[in-house]
Amino acid sequence: MADYKPQELDKKWQAHWTSSKAFEVDVDASRPKYYCLEMFAYPSGHAHVGHVRNYIIGDVMARTKRMRGYNVLHPFGWDAFGLPAENAAIKTGTHPETSTLDNIAHMKGQLQRLGISYAWDREIATCLPDYYKFNQWIFLKMLERGLAYRKRSTVNWCPVDNTVLANEQVIDGACWRCGSIVEPRDLEQWFFKITEYADELLAGLDTLTAWPEKVVVMQRNWIGRSEGAYVKFALADPSVVSGFGRTKDVEGSSGVSRTDHVEVFTTRIDTIYGANFIMLAPEHPLVERFAAASSDPAAFRAKAQAFRSQERDVRMGGKQGFDTGQRAINPFSGKPVPIWVANFVLWGYGTGAVMGVPGHDERDFEFARAYNLPITIVVQRADAPLSAETMTEAHAGEGSLVNSDKYNGLPWEEANRVMTADARARGIGEGTVQYRLKDWGISRQRYWGTPIPVVHCAKHGVVPVPYAELPVKLPQITTFTGRGDSPLAQVPEWVNVTCPTCGGPARRETDTMDTFVDSSWYFLRFCDPKNDEQPFDPADAAYWMPVDFYSGGVEHAILHLLYSRFFTRVLRDVGLVAFDEPFTRLLTQGMVLKDGAVMSKSKGNVVDPDDMLQKYGADALRLYVMFVAPPEKEVEWSDAGLEGSFRFLMRVWRLVDHWCETIGGEGIPESGTDCTDAERGLRRKTHETIRRVTGDVEERMHLNTAVSSLMELVNELYSFSEGTAHGAPSRVAAEAGRVERAQTIAVLREAIDGLVLMLSPFAPHMAEELWERLGHVGGLAKASWPSFDPEV
RNA sequence: GCCGGAGUGGUGAAACUGGCAGACGCGCGGGACUCAAAAUCCCGUGGAGUUAACGCUCCGUGUGGGUUCGAUUCCCACCUCCGGCACCA
C-alpha cells in the first residue's frame, strides 16, 4: 500500500504543470472560450486564507470548465500601486518598488504552492511601465474626448494619508483607508467624466442578471438617478444682487442660476403651492450677497459659516438655519416666501437650494416646526384627511391636489407632469434628471502611482504628452517625507521639460493617478498582456471578453465594478471593444473570520495558508475551504474542519489504492446494464453524483454541496467494497484482486474514475496522482468531465 | 429612517420547482482492533412520550396568523441579527 504524502504530491504535480505549461492558452476560434477571473491582488506581503478562498473558488471553476472542453483563460496579476507601499517607505525608507516586488514574489509562491491553475505567462503588475503606459494612453484618449478634465474644486483631503480622496472613498466623512476625518481643500484636480455615462451605467444594470441582486442595488443607489424639475423663484428685491453672474456651475449640475432669482431642484413640483419658504445651502453664493446687503454682514457670515462647518454633524445637532431677511416669489402661487439658510441643504447636489414644503416633506416639516414656519396642505388624501394644525408628520405620499388654484383635484403624479410642462412653457422651470454620482477625481499627490501624462506650458497651458513618448516613467526618488505635496515635484530634472507644442519651458504634471484607474481595465490587458502598441489587441479582447466568471470581495461592489463598467464603455467608444458590460457573472465571496473577526495582521488572527500546507497539503486546505460553506457566505475558520477534509482525502486515497490494481490498466469492459442489485445501486449513485456535482459547480456555485455529494459517493463505495471484498479497504488490501466478475470491475471503475475526475478541481494534486495510478495516460489535462445517463 | 439579505440540532450547514426536515462534515456517545494509545473501521446522535422488542405517537425550521391535501419553501403582521445607503429635496 502506498502512503499518502500530500507535500510530495504537491511538489511533483506543480512542477509538472509548470513544465508542461498546462494552463497557458491561446486564442482558438474553433473552441468555446471561458474567461475565469478572480479580482487581482494588492501585494500586501502575505496572503491569508481569507484571500486565498477567492482564488480557490475561481480555480475550481477554471479547472471544471477546462474538463468541460472550454478554452479557459485564467490569469492573475497584481494591483501593485498604492498607499501602503508608500507609507511603508515613509516609515522604513524602503523604496516602494522594492517592497512591492518582494511581496509579489512571496505571494506568487503562496498561490503556486496552492496549485491554483493560473496562466502565469500572462501575469501583470500595474506598477511596471509596460502596464501603466496604457493607463496614460487611456488617459490621453479620455482627454481627447473631453472625458478627462481639470477643475479647481473643493476636494476631500485626508490629513493622515496626505492625499485627495474620491467621494467614493469617503465614508461617514472619514477616510476609507485610515479612518481620519476628511477636510475640505481647494485644489486643481483631474476628473474623469463618469457622469456622462450615468444613464447608460444605470440602464446596463438591468442586463446583469447573473450578478448578485445586492450589488446591482448598491450600484443603482450609488448612481442615484432622480427625476424632477428646476424651478426659479424670483427675488422680491433683486437689487441686492444685481450685476452678479452665475451662482452655480459645479459638477453634477447643469443648472444655471442668475442672481435675480433662486433656482431650486425638486422632485415634487406638484407640491409647490405648499412651498412656504426657500432654503439655501450655507455655501450658496447668494448667501454672501445677502450678507453684504444685511445690516451686520460680519455676523451674517459668521452664522452661515457655522452651519457650513457643522455640515457633517447635522444628524447630531438637528436641523438648524436662519432667516436671511430676503424674500422670493413663489412662481405658481405668486406669494412671497422667506429665504432661509439651512445646515442640512447640500451644496453638492441639485442647485444647492430647495423649496421648503413642510406639509409633504419630512425634513421640511421638522424644520418648519422648529422655527414656527407655516404649513399648508396641498396634497390631500382621500382615506384620512390631513389638517395642517394636527398633523404629526409630513404626508409624502399620494393624493390629490388642494389649495393649488387650477390644479386642484389632479392626482399628484399627473399634477407633477402637468406643472413641469407649465413651468417650462412659462420659462420658470424645466424638467431635469439629477444623479448622486459625481465625476471621478483621480489626482493624487503621491509618488507610487501612474504619472499623469501632461505638461504645463506657460504659453499653451495643459499639453498632452505625445503618444510616442509614453510611458512617462516614474522617476527614482530616495526620500519619502509624507509631507503632502506631490513627491514628484522634488525631482527637477524630471519636472522641467520642454513643451511638445512650442519647445518652450514647461513643467510636468506632478500628480499621479488614483490606483482605481489601474484596476478599471486590467481584465482587458490579460487578453493581450505583452502588447507594446496599444492596451490590447481588439481581436484578442473580442475572443476572450467579456469575463464569464468574476469573483472577489463585496467591498468592491461599488467602486471597482462601477469604474470598470465605465472604462469598458469608454474603450468601446474609442473603438477597442464592441460590448458594454465587462463581467457577465459575478460572485462576491464571503470573508473568512477567525475568532469572530476579520483576519488582519494587526489583530494577529491570520491563518497563513503555508502553515496549513505543511501539515495537510494543498488539497486538504482547498477542499476544506470549499466545503465549509457556500462561497458567498462568511465563514469561521476551524482547524477541526480542515482535519475532517484531510480525513476524507485519506479515505479516498485508501479506497483508490485498494482498487487501482484490480480495475486499473487498459482493456476494462465498459460499465454495462447486466448488473446485480448492488452494482445497479452503485451505478445509480455514480450517475446521480455526476449530475449533482456538475450542476452544483457550474450553475449554482454551491461548491460545499458538490463536495458533500462526493463524500456520499465515497461512503457508497466503501459499503459496496464491503459487500464485494468482505471488509473495509484498509483491512483487506491483501484481498485486492479477489473480484472476478467483469461487471463489478466495470461498475467500480466507472465510479472511481468519476470520483477522481470530479474531485480534481478541488484536490488536483491527489487527483492527478490517482488518475495516473489508475492507469490513465496523459494526465488530467487530457481527461474530460464525466457525463451522466438519466436512465441509470 | 430607507434598501437588501438572513434566522433550521451541541456545531458548520443541506433540503434545486410547495412533497419523507436536518444530507454531508465537525463534535459527542458506544463498539471493534490494540498490552495500551494513536490512527482506522462499524453503530448511534433534534426533543418529548410509549413499547419486552421490531417499532409507534406527538412536537419541532425566529414569533403570531393565513393559503394549501401538504409550507423551511408562498402570503400578511411582527421580532432579532448582518450588510449597504443615509437629510440627495
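Lettering follows sequence order; numbering is per chain, from 1.
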Undergrad: Taking only residues two or more places apart in sequence or in another chain, which ones pass side-chain contact (heavy atoms from CB on, under 4.5 Å) with A:V628?
TA: A:Y624, A:V635
Undergrad: Taking the C1' atom in each of B:G84 and B:G27, what is the distance between them to the nearest angstrom?
TA: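 Each nucleotide's C1' atom is 36 Å from the other's.
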Undergrad: Rounding to an integer number of Å, can you tell me how far A:Q589 CD sits from B:G5 P?
TA: 20 Å
Undergrad: Which whole-number value in Å describes the distance from A:L280 CG to B:A89 C1'?
TA: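 Atom-to-atom, A:L280 to B:A89, this comes out as 13 Å.
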Undergrad: What's the separation between atom CG in A:L205 and atom CD1 in A:I223, rounded to the nearest 0.5 Å?
TA: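 Going from CG on A:L205 over to CD1 on A:I223, the span is 5.0 Å.
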Undergrad: Quick one: pull up CE in A:M218 and CG in A:L559 and give me the separation to the nearest 0.5 Å.
TA: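 Reported value, rounded in 0.5 Å steps: 9.0 Å.
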Undergrad: Check whether any side-chain nitrogen or oxygen of A:R654 sits under 4.0 Å from OP1 or OP2 of B:C41, and answer yes or no.
TA: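 Answer yes for this pair, as a side-chain N or O of A:R654 is under 4.0 Å from OP1 or OP2.
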Undergrad: Verify side chain to side chain donor-acceptor pair (under 3.5 Å) between A:R651 and A:N715, making sure each step is shown before the conclusion.
TA: CA-CA 9 Å; A:R651 238 165 109 74; A:N715 290 344; 2.7 Å; yes
Undergrad: What one-letter contact string describes nucleotides 16-32 of chain B from 5' to 3', where B marks a base within less than 4.0 Å of any protein heavy atom, S marks contact via sugar-phosphate atoms alone, and - marks no contact?
TA: B------BBSSS-----
Undergrad: Give me the distance, rounded to whole Å, that separates B:G55 from B:G66 when you measure between the C1' atoms they each carry.
TA: 36 Å
Undergrad: For nucleotides B:G7 and B:G12, find the distance between their C1' atoms and express it as a whole number of Å.
TA: 15 Å
Undergrad: What form does the base of B:G62 take, syn (within 90° of 0) or anti?
TA: anti
Undergrad: May I have the distance from A:K633 (atom NZ) to B:C82 (atom P), rounded to whole angstrom?
TA: 14 Å
Undergrad: 5'-most contact on RNA chain B: A:M218 or A:R268, nearest heavy atom basis?
TA: A:M218
Undergrad: Using atom P of each nucleotide, how far apart are B:U34 and B:A38 to the nearest Å?
TA: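 Nearest-Å result for B:U34 against B:A38 at atom P: 15 Å.
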Undergrad: Whole Å only: how far is the CH2 atom of A:W653 from the C1' atom of B:U40?
TA: 17 Å
Undergrad: Could you pull out all residues at least two apart from A:A597 that satisfy side-chain contact (heavy atoms from CB on, under 4.5 Å)?
TA: A:K603, A:N605
Undergrad: Expressed as a whole number of Å, how far does the C1' atom of B:U67 sit from that of B:U73?
TA: 13 Å
Undergrad: May I have the step-by-step check of side chain to side chain donor-acceptor pair (under 3.5 Å) for A:S226 and A:Y349, ending in yes or no?
TA: CA-CA 11 Å; A:S226 68; A:Y349 184 80; 2.9 Å; yes
Undergrad: Say whether, by atom type as modelled, one donor and one acceptor occur between the side chain of A:R53 and the main chain of A:G590 under 3.5 angstrom.
TA: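 It does hold such a pair.
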Undergrad: Are the side chain of A:D657 and the backbone N or O of A:D3 linked by a donor-acceptor pair below 3.5 Å?
TA: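 Not at all, since once roles are kept as given, no pair shorter than 3.5 Å links the two residues.
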Undergrad: Could you state the atom-to-atom distance from CD of A:E634 to P of B:C81 in whole Å?
TA: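 In whole Å, B:C81 P lies 16 Å from A:E634 CD.
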Undergrad: A:Q219 has an atom CD; how far is it from atom C1' of B:C85, in whole Å?
TA: 14 Å
Undergrad: Expressed in whole Å, how much space separates the P atoms belonging to B:C26 and B:G62?
TA: 26 Å
Undergrad: Could you walk me through whether A:E688 and A:F788 pass side-chain contact (heavy atoms from CB on, under 4.5 Å), step by step?
TA: CA-CA 7 Å; A:E688 188 192 333; A:F788 66 92; over 6 Å; no
Undergrad: When the distance from CG of A:L593 to P of B:A13 is rounded to whole Å, what number comes out?
TA: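 Nearest whole value for this atom pair: 11 Å.
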Undergrad: For a quick check of understanding: with a heavy-atom distance under 4.0 Å over all strands, which category does A:P630 fall into, base, sugar-phosphate or nothing?
TA: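 Since only primed, P, OP1 and OP2 atoms lie under 4.0 Å of A:P630, the category is sugar-phosphate.
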Undergrad: Taking only residues two or more places apart in sequence or in another chain, which ones pass ring-ring contact (aromatic ring centres under 6.0 Å, His included) with A:W340?
TA: A:F367, A:Y371
Undergrad: Which residues satisfy the ring-ring contact (aromatic ring centres under 6.0 Å, His included) test with A:H48, sequence neighbours excluded?
TA: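 With sequence neighbours excluded, A:H48 shows a ring-ring contact (aromatic ring centres under 6.0 Å, His included) to A:H51, given in chain and number order.
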Undergrad: Considering only atom P, compute the distance from B:U11 to B:U68 and round it to an integer number of Å.
TA: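 Those two atoms are separated by 36 Å.
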Undergrad: In this structure, how many angstroms lie between the C1' atom of B:G1 and the CG atom of A:N221, rounded?
TA: 14 Å
Undergrad: Pairing of RNA chain B as dot-bracket, 5' to 3': ( ) intra-strand, [ ] crossing, | other strand, . unpaired, with Watson-Crick or G-U pairs under 3.5 Å?
TA: (((((((..(((......[....)))((((((.......))))))(((((....)))))..(((((..]....))))))))))))....
Undergrad: Report the residue (A:M650 or A:T266) whose heavy-atom-nearest nucleotide on RNA chain B is the more 5′ of the two.
TA: A:M650
Undergrad: Using a cut-off of strictly less than 4.0 Å, decide whether A:K214 has a side-chain nitrogen or oxygen near OP1 or OP2 of B:G83.
TA: no
Undergrad: In whole angstrom, give me the gap between the P atoms of B:G64 and B:U80.
TA: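 Rounded to whole Å, the distance is 16 Å.
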